[in-house]
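One structure is given below, encoded as structure tokens.
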There are 2 protein chains.
Amino acid sequence: MQSLDALTAFGALSQETRLDTFRLLVRHEPEGLPAGELARELEVPANTLSTHLGILARAGLVTSERRGRIIQYRADIARLRELMVFLARDCCGGRSELCEPLVAELACC
Amino acid sequence: MQSLDALTAFGALSQETRLDTFRLLVRHEPEGLPAGELARELEVPANTLSTHLGILARAGLVTSERRGRIIQYRADIARLRELMVFLARDCCGGRSELCEPLVAELACC
DNA sequence: TGCATATTTCGAGAACTATCGAATTATGTG
DNA sequence: CACATAATTCGATAGTTCTCGAAATATGCA
């Protein structure tokens with residue numbers, strides 16, 4: 001992941017509705033959720049949410065697939081991992097002693 | 001870390017100069033860098049950078065300490081770790097099989 | 001085909017963010 | 001104290017982002 005990709009991802013996650021949307025989708029992996037159900041759950045007008053979903057999609061954080069009349073959205077966990085690795089690389093800065101506690105804490109899951 | 005803290009942190013990191021600033025500071029842990037030297041390195045006017053440093057500081061991502069005429073800035077690695085854990089918690093969503101490859105990849109450092 | 005449902009795109013207004021010159025504050029030194 | 005240096009705050013402008021009503025597009029079904 002390049003710096004510009006990370007920048008775009010951070011921008012996508014720096015808005016309340018979008019962060020909520022993304023987290024909700026992560027919790028609904030791997031089935032995903034239809035756009036309309038997301039809008040209902042998050043209590044946001046469908047067109048507003050559609051704009052946010054577009055931003056998340058352009059940032060690579062979600063994918064969508066049409067299923068008949070419904071468009072099913074999914075979180076892209078691989079992309080989330082890439083974003084975390086981007087942060088972790090900096091975090092370490094070549095010195096493992098900084099990163100070790102991080103890895104330990106992540107091991108919890 | 002609460003959702004609102006993460007939101008603020010993502011907002012802080014979603015601007016090019018600020019992301020560059022933060023990464024530069026991480027690479028300069030644990031000594032840190034003076035505000036003026038950051039401005040010179042990043043080729044940004046001192047007052048503009050000062051505004052960005054304020055945003056990073058309010059997001060908890062950097063700390064500062066006056067040393068005579070100089071104000072020394074440092075990245076807050078603990079906070080970065082908290083942000084990553086915030087993401088990782090979602091990533092797992094209670095299912096370890098999703099998180100395992102992530103932990104493995106982070107272990108690289 | 002006609003109609004209902006699901007979703008997106010368009011467009012305009014409001015709100016927020018970035019930038020930087022100028023002024024200000026804080027500190028160290030002669 | 002006067003002066004130089006380091007950094008921040010102020011204020012205006014330009015640019016970007018958010019929101020949502022209305023219109024458009026896509027699909028399924030009778």
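Quick caveat: nothing in here was measured; it's all calculated off a predicted structure. Proteins come first, then strands; the chains are lettered A, B, ... in the order of their sequence lines, and each starts at number 1.
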Rounded to the nearest 0.5 Å, what separates atom CG in D76(B) from atom CG in L25(B)?
11.0 Å
Nearest whole angstrom, please: distance from the P of dT8(D) to the CG of L56(B).
12 Å
With a 4.0 Å cut-off on N to O distance, would you call R79(B) and E82(B) a salt bridge?
yes
Any base atoms under 4.0 Å from R18(A), or only sugar-phosphate, or nothing? Heavy atoms, all strands.
sugar-phosphate
Euclidean distance, atom CG of residue L49(A) to atom C1' of dA6(C) [Å, nearest integer]:
13 Å
On DNA chain D, compare the nucleotides closest to R66(A) and T17(A); which residue's is nearer the 5' end?
T17(A)
State yes or no: do F86(B) and L19(B) share one hydrophobic cluster built from I, L, V, M, F, W and Y residues joined by side-chain heavy-atom distances below 4.5 Å, directly or via other members?
yes
How many whole angstroms separate atom CG of L38(A) from atom C1' of dT7(C)?
12 Å
When rounded to the nearest 0.5 angstrom, what is the spacing between CG in L61(B) and OG1 in T8(B)?
9.5 Å
Rounded distance (Å) that lies between atom P of dC20(C) and atom CG of L42(B):
13 Å
In this structure, how many angstroms lie between the C1' atom of dA6(D) and the CD atom of E41(B), rounded?
17 Å
Nearest-nucleotide pick for S50(A), side chain only, options being dT9(C), dT19(C), dT8(D):
dT9(C)
Just checking A46(B): base, sugar-phosphate only, or nothing, at a heavy-atom cut-off of under 4.0 Å?
base
How long is the line joining CG of L53(B) and C1' of dA18(C), in whole Å?
14 Å
Is the phosphate of dA6(D) approached by Y73(B) (side-chain N or O, under 4.0 Å from OP1 or OP2)?
no
d(L38(A) CG, E43(A) CD) to nearest 0.5 Å is 13.0 Å
Any idea which of dC20(C), dC18(D), dT7(C) is nearest the T51(B) side chain?
dC20(C)
Looking only at side-chain N and O atoms, does Q15(A) come under 4.0 Å of OP1 or OP2 in dT19(D)?
yes
Per atom distances to the N47(A) side chain, the nearest of dT5(C), dT9(D), dA22(D) is dA22(D)
Can you tell me which nucleotide in dC20(C), dC18(D), dA4(C) comes closest to the side chain of R69(A)?
dA4(C)
Rounded to whole angstrom units, what separation is found between the CD1 atom of I55(A) and the P atom of dT8(C)?
13 Å
In whole Å, I'd like the distance from the CD atom of E65(A) to the C1' atom of dA6(C).
16 Å
Could you work out which one of dC18(D), dT8(D), dC20(D) sits closest to the side chain of I71(B)?
dT8(D)
Verify the contact: side-chain N or O of H52(A) to OP1 or OP2 of dT17(D), cut-off strictly under 4.0 Å; return yes or no.
no
